[in-house]
Amino acid sequence: MKFGVVTFPGSNCDYDAYAAVRHVVGEEVEFLWHKSNDLLGSDVIILPGGFTYGDYLRSGAIAKFSPIMESVIKFANSGGKVIGICNGFQVLTESGLLPGALIRNEHLRFSCKYVHLKVSNNQTVYTSACKQGDVLKIPIAHGEGNYYNFDGDIKTLEDNNQIIFRYCDENGDVNEQSNPNGSINNIAGISNKEGNVLGMMPHPERAVEKILGSTDGLKLFESLQMAFSKTSIGG
Amino acid sequence: MSQQHIQPEVTPEMVETHGLTPDEYEKIKEILGREPNYTELGIFSVMWSEHCSYKNSISLIKTLPRDGDNLLAKAGEENAGAVDIGDGMAIVFKIESHNHPSAVEPYQGAATGVGGILRDIFTMGARPIAALNSLRFGSPDNPRVRYLVDGVVRGIGDYGNAFGVPTVGGEVYFDDCYTGNPLINAMAVGIMETEKIASATAEGNGNPIMIVGSKTGRDGIHGATFASEDLSEKSESQRSSVQVGDPFTEKLLVEATLEIIKKDLIVGIQDMGAAGITCSSSEMSAKGESGIEINIEEVPVREEKMTPYEILLSESQERMLVCVKKGMTDAVTEVFDKWGLDSKVVGKVTDDKLFTVKLNGEIVSQIPSDCLVLGGGAPIYKRETKRPTYMDEIVKINLDDYSLDRDWNDTLLTMLASPNICRKSWVYDQYDSMVRTNTAVGPGSDAAVLRLRKTDKALAMTTDCNARYCYVNPRRGGQAAVTEAARNIVCSGGQPLAITNCLNFGNPYKPEIYYGFTEAIGGMGDACRVFNTPVTGGNVSFYNEDPDRAVFPTPTIGMIGLIEHLDHITTQWFKNNGDAIFMLGENKEELGASEYLHTIYNVTKGDVPELDLDAEKKMQDALLTAIRNGLINSAHDCSEGGLATAIAECCISNEDDKIGATIKLDDSIRVDALLFGETLSRIVISCSVSDADKLAEHFKSAGVACRQIGTVGGTELTINDTISLPLAQMTTAFYDSMTEKIEKVS
């Protein structure tokens with residue numbers, strides 16, 4: 001399995017994602033430059049955290065026009081695996097690969113801290129290593145992570161099991177106190193209808209080593225490893 | 001001079017508004033052998049300002065210990081100090097103030113403070129790995145102070161977060177003396193391969209000089225001069241002296257800069273901070289014992305009709321001056337093009353030792369480089385000192401004035417909720433403290449700890465200063481600031497390596513202020529010699545006064561320490577039920593200058609607690625050995641708020657796992673002093689019961705006072721029959737207070 005981590009100008013978690021995949025997960029990984037449209041044969045694309053093009057307009061609004069995104073969108077639409085983390089999630093909603101929008105945190109402040117996530121759907125390539133309802137400890141670091149969508153579209157997300165992670169407390173209770181940014185229904189991560197595109201505000205790449213405070217982020221990569229080993233055995 | 005460029009005639013009033021004294025003006029005429037023109041006056045004005053020249057501080061700063069075996073760049077030699085940590089790696093670090101800009105425009109002032117200090121790090125070829133901030137404000141009851149806090153924290157957060165450097169530590173203090181003049185000290189730490197160190201020099205006749213990064217605008221003109229005056233009502237009208245930051249450009253600039261250094265394309269590089277092109281050109285050429293010629297019309301500008309004077313003095317952010325190796329300009333441009341940044345040849349190195357500025361071939365300014373810079377021709381003063389009369393009064397204290405008939409549970413809760421002690425997560429949760437995935441211990445313990453990739457080592461870092469101590473007793477306050485920083489490093493498992501300092505004081509022309517400055521530096525030097533922590537650089541900020549008062553003497557210490565193995569990383573909070581709690585040091589009846597008297601009685605009285613530097617050093621060494629031998633489960637230094645506060649913090653400062661303690665103290669001193677007195681050289685540690693005897697023996701043989709004071713466990717903190725508080729109650733007081741104070745609407 002080969003990962004490609006996109007570097008936009010202003011990306012600043014690209015190296016973290018690269019290091020997590022290469023040094024901890026132990027899979028092949030390459031950086032993908034924003035001006036290129038070559039995905040270098042990647043099986044999984046990571047759109048990392050950061051502030052693409054400064055995000056002075058609207059987070060992710062300019063990134064969607066970059067050459068690499070043309071290829072990423074094509075790749076996603078043909079079933080390729082794409083993960084958008086934090087700013088990457090914002091790029092995915094701006095690009096139309098995921099529904100809804102990420103608006104300013106309800107308290108209007110940037111927030112960096114460990115939170116708990118409840119796995120709401122473990123039937124995806126990204127969560128199959130988790131049990132349904134598992135509680136993962138993974139940090140957030142964002143100012144615009146407040147997931148918003150229209151009521152009808154939220155219902156569609158619910159009906160299709162597209163809500164993958166919700167903010168919860170350490171006991172797994174999804175409640176208002178555990179919602180760090182005002183997201184509707186405590187939504188922390190969603191997928192597209194087909195399940196091949198995942199967007200999440202929390203940073204799994206920051207929770208892959210004990211010394212960093214948690215290894216729960218590894219579940220995501222382990223799930224992908226399981227999915228790809230099945231594919232290669234089957235194919 | 002130039003036909004095209006008519007310069008205003010220099011008048012005595014103009015000399016005065018440029019902040020130059022008549023004597024200094026005479027010296028300028030002597031250097032030039034003629035009257036300076038308007039542009040040259042501007043250049044001398046900024047270069048001889050306090051901010052750039054250190055004219056009133058350098059003779060004292062030179063008394064600080066600045067030598068060490070592992071120093072690669074000493075104080076003043078380069079943009080920041082560099083320390084060899086082995087394995088072919090060096091740490092580059094520095095702290096700097098952005099007080100005046102932040103007082104007028106808190107968001108941009110703080111943001112550009114962060115930007116400036118980051119550039120000082122990566123201009124040396126180091127990758128910034130951490131930022132810290134030492135912040136001081138007036139009382140949060142004042143709505144303008146809350147506005148300043150909000151703006152400063154957003155400014156720091158937005159800049160550092162977007163740049164992608166984790167902001168991992170620092171301090172936040174509140175005192176009325178900072179009401180009109182907050183202190184915003186930003187520190188950055190970087191890492192590099194020892195051999196890749198870049199120098200701030202320009203040499204090699206004919207080598208091209210390039211400006212890279214942002215275009216030059218009219219922002220920040222005379223920022224350095226602005227920072228060298230007292231704040232007044234006039235300051236509000238000087239908002240144009242505050243620069244505007246663009247962290248996105250800085251993020252591109254760091255990548256491009258590190259790339260040209262790595263590819264060995266350059267001779268030297270310096271960031272453009274205070275006094276912009278002028279400062280970088282004159283300092284780089286003076287260092288290289290060469291000259292620099294700048295063709296001002298070649299400088300990329302973002303506004304029309306900028307005069308040479310404006311271009312030379314602009315402090316537009318995110319720019320670098322680069323002395324490129326001959327034939328390498330295209331290669332440099334290729335790198336900057338890749339990152340979408342400007343890079344342009346604007347001049348060349350000469351061998352005439354002059355800083356020459358030309359406009360379309362005509363000379364508009366020409367000054368010997370060496371005459372402009374610190375260590376060269378810039379003036380050096382030793383100012384008059386006078387011991388302030390308040391110092392003899394303030395140390396007098398009659399403990400009978402302070403009743404012992406109190407509810408000590410309530411008092412501890414009040415202390416835990418007080419602005420200077422309460423948890424500052426309202427501040428640091430707004431900073432990304434984890435990006436780059438090296439943060440082993442983030443904000444909220446004694447020191448922040450970052451693991452060093454590709455090694456088993458880690459780096460501890462902290463900023464410290466108890467400015468109230470420096471106000472009461474500046475010498476001991478200076479000693480205590482260094483000592484506390486070292487204690488925090490050791491409590492985290494590190495060996496103190498070196499310090500950087502940010503010296504925030506009032507107007508140096510006032511003898512009482514200069515007395516405090518002199519004494520505080522003396523104290524810092526005393527302690528640095530004992531702890532073997534040389535001063536690698538930093539910054540001096542004078543004129544920190546509002547119309548009502550000067551700030552407390554505030555010599556902020558930034559210290560780094562090396563943790564030899566990841567296993568030695570130690571945090572302040574108690575870990576396991578049943579662990580034994582020990583205290584190193586002695587409890588004395590010392591309430592002087594305490595946070596307790598300030599919080600409960602709103603007074604500052606009594607002398608700073610005694611400090612025996614050699615005893616402290618012995619204690620720190622013994623603790624570090626115990627940590628390295630795996631005996632210690634937690635270590636927390638005892639500082640503001642005294643022993644009861646320190647123990648409470650050990651119980652509740654780990655958000656995920658709070659744990660109680662039962663403490664028995666048999667000292668026969670006043671209960672207020674026992675609980676909240678700030679006797680120095682005390683550390684609260686915990687260890688497994690099975691190690692308790694070994695631990696006691698270790699400290700005994702090291703000659704360090706050590707005794708068991710209690711046991712970890714339960715859901716309450718009890719101290720003798722005096723304190724009995726549930727963790728939940730202490731948590732509420734400690735965790736919620738800051739939000740309530742700052743987000744209060746009134």
Side-chain angles (χ1 to χ4, degrees), chain A residues 7-20 23-24 33-35 48-57 59 62 66 86-87 105 107-116 137-144 169-170 180 202-214 217, chain B residues 127 150 153-154 156-168 246-256 337-341 425-444 449-451 453-454 456 458 566-567 569 654-657 739 742-743:
Chain A
T7 300
F8 297 103
S11 292
N12 61 30
C13 301
D14 49 339
Y15 179 76
D16 301 352
Y18 179 96
H23 302 305
V24 185
W33 186 239
H34 69 112
K35 286 179 186 169
F51 293 76
T52 44
Y53 302 89
D55 278 347
Y56 292 123
L57 172 59
S59 299
I62 295 179
S66 66
C86 197
N87 191 226
N105 292 351
H107 48 80
L108 306 178
R109 294 182 189 283
F110 190 93
S111 182
C112 172
K113 58 184 180 185
Y114 266 96
V115 297
H116 292 95
K137 186 186 162 196
I138 293 183
I140 54 166
H142 60 249
E144 301 185 359
D169 64 19
E170 57 191 27
H203 287 267
E205 84 284 9
R206 294 186 181 189
V208 294
E209 293 174 81
K210 196 160 168 280
I211 194 170
L212 302 175
S214 171
Chain B
R127 163 76 64 180
D150 181 71
V153 171
R154 280 180 198 278
I156 291 169
D158 283 359
Y159 205 101
N161 297 347
F163 179 82
V165 66
T167 302
V168 295
D246 175 5
F248 172 60
T249 301
E250 180 112 327
K251 167 67 178 159
L252 305 177
L253 190 60
V254 64
E255 302 302 338
D337 280 352
K338 174 181 151 194
W339 291 101
L341 292 171
S425 46
W426 182 89
V427 174
Y428 58 70
D429 281 357
Q430 296 186 55
Y431 305 150
D432 188 339
S433 54
M434 305 175 193
V435 63
R436 301 199 66 75
T437 51
N438 293 316
T439 309
V441 181
V449 178
L450 276 87
R451 56 108 172 255
R453 284 186 190 269
K454 297 180 192 161
D456 291 327
L566 296 174
D567 292 342
I569 295 172
N654 180 11
E655 199 165 2
D656 292 334
D657 197 6
T739 307
I742 300 298
E743 296 198 346

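Taking SG of A/C86 as the reference point, atom CG of B/D432 lies at 8.0 Å (rounded to 0.5 Å). The CZ atom of B/R453 sits 4.5 Å away from atom OH of A/Y15, with the distance rounded to the nearest 0.5 Å. Here the CG-CD distance, from A/N105 to B/Q430, works out to 10.0 Å after rounding to the nearest 0.5 Å.
Counting heavy atoms from C-beta outward, A/R109 and B/V153 have side chains that stay 4.5 Å or more apart. Side-chain contact between B/E255 and A/T7 is absent, with no heavy atoms from C-beta onward closer than 4.5 Å. Taking 4.5 Å as the limit, every side-chain heavy atom of A/C112 sits out of range of all side-chain heavy atoms of B/Y431. Using a 4.5 Å cut-off on side-chain heavy atoms (C-beta onward), A/H107 and B/E743 make no contact. In this structure the side chain of B/I569 reaches within 4.5 angstrom of the side chain of A/I211, judged on heavy atoms.
Taking the charged nitrogens against the carboxylate oxygens, A/K113 and B/E655 have no contact shorter than 4.0 Å, which rules out a salt bridge.
Ranked by heavy-atom pairs under 4.5 Å with chain A, the first of B/F248, B/Y428, B/W339 is B/F248. Most heavy-atom pairs under 4.5 Å with chain B: of the set A/E205, A/H142, A/E209, A/E170, this distinction falls to A/E209. The most heavy-atom pairs under 4.5 Å with chain A, out of B/N161, B/V441, B/D158, come from B/N161. Ranked by heavy-atom pairs under 4.5 Å with chain A, the first of B/D246, B/D656, B/V449, B/T249 is B/D246.
Heavy-atom minimum distance, B/M434 versus A/P139: SD-CB, 3.3 Å.
Using a 4.5 Å cut-off between heavy atoms, B/N438 touches chain A through its backbone atoms (N, CA, C, O) alone. For A/Y56, the part lying under 4.5 angstrom from a heavy atom of chain B is the side chain only. The contact between B/T439 and chain A is made entirely by backbone atoms, counting heavy-atom distances below 4.5 Å. The contact between B/R436 and chain A is made by backbone and side chain atoms together, counting heavy-atom distances below 4.5 Å. Heavy-atom distances place no part of A/A207 under 4.5 Å from chain B, backbone and side chain included. Of the two parts of A/K137, only the side chain, counted from C-beta on, holds a non-hydrogen atom closer than 4.5 Å to a non-hydrogen atom of chain B.
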Report the C-alpha distance between A/W33 and B/K338 in whole Å, list the side-chain angles of each, state the deciding distance to 0.1 Å, and finish with yes or no for side-chain contact (heavy atoms from CB on, under 4.5 Å). CA-CA 10 Å; A/W33 186 239; B/K338 174 181 151 194; 3.8 Å; yes
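A donor-acceptor contact shorter than 3.5 Å is absent between the side chain of A/D16 and the backbone of B/V435. Judged by distance alone, with hydrogens and angles left aside, the side-chain atoms of A/N12 form a donor-acceptor pair with the main-chain N or O of B/A162 at under 3.5 Å.
Take A/H116 and apply the ring-ring contact (aromatic ring centres under 6.0 Å, His included) test, not counting sequence neighbours, and it matches no residue. Every residue was checked against the salt bridge (charged side-chain N to carboxylate O under 4.0 Å, His left out) condition with A/D169, not counting sequence neighbours, and none meets it.
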